[in-house]
Amino acid sequence: MPTKEPSLETFLRLWTVEDYHRMVEVGILQPDESVELIAGQIIRIISPQGRPHSSAIRRTRRLLEKALGEQVFVQTQLPIQLNNYSEPEPDVAVVRPDSRDYIDHHPTASDVYLIVEVADSTLKKDRDIKAKEYAASGIEDYWLLDVENRQLYVFQDPTSEGYQQQLILPEDETVTPQRFPEIRVKIQDILPLT
């Protein structure tokens, strides 16, 4: 009788957030190393960023801070702990303000109002891998700004299997954050200038 081949899961060890932090503490990962923990896997962040990517992050942060004011924190490329196996560093995250500035923990999924990832060379990873992880963690509103094609993917209605609603909007459209229906964002205002 032939033996059954072991599955990939048999060989795959998923890292926890605690493991990930410990790797930094003991020097396996350097504090300035460009990596993030997604679904138990340590993923290298593409670096250096191109100018269009950086410009879109700055434009998005500035627009959201101006529109939302003191009712939120708008953070850029800082950790968010989604669950025990994911601590991504989204390009832009709109989170619940914390009077202690999250000194004893990173924002968790329940603190997040909106995540925006900017993609020039990472579209597939951000659309397929990160979107699934954000949905499984209950992130209600995930925007993926496709710099190259000058459009915005809007993901809403999360389930454990992914987002139930996915729209692709061209740059001449506007979008409204789910938690802030009074705000209208022109997609061209968060894209880098051409």
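Counting begins at 1 with the first residue of the sequence.
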Any idea how F73 and Y102 line up, ring-wise: parallel (<30°), tilted (30 to 60°), or perpendicular (>60°)? perpendicular
Regarding D146 and R150, does a basic nitrogen lie under 4.0 Å from an acidic carboxylate oxygen? no
Side chain to side chain donor-acceptor pair (under 3.5 Å): which pairs involve residues 83-97, sequence neighbours left out? H21-E87, H53-D91, Q77-D91, N83-E133, N83-S137, S86-E133, R96-D111
Applying side chain to side chain contact (heavy atoms under 4.5 Å, CB included), can you list everything that pairs with K124, at least two apart in sequence or on another chain? R127, D128
List the residues meeting side chain to side chain contact (heavy atoms under 4.5 Å, CB included) with I168, not counting sequence neighbours, and say none if there are none. Q151, Y153
Taking only residues two or more places apart in sequence, or in another chain, which ones meet D157 in a salt bridge (charged side-chain N to carboxylate O under 4.0 Å, His left out)? none
The side chain to side chain contact (heavy atoms under 4.5 Å, CB included) partners of R59 (sequence neighbours excluded) come to S55, R62, L193
Carboxylate-amine/guanidinium proximity below 4.0 Å for R13 and D19: yes
Check I139 against P158 and note the closest heavy-atom contact, atom names and distance. O-CG, 3.5 Å
ring-ring contact (aromatic ring centres under 6.0 Å, His included) partners for F180, two or more places apart: Y113
Quick one, I80 and T108 - any side-chain contact, counting heavy atoms below 4.5 Å? no
For the pair E173 and R184, find out whether any cationic side-chain nitrogen is under 4.0 Å from an anionic carboxylate oxygen. no
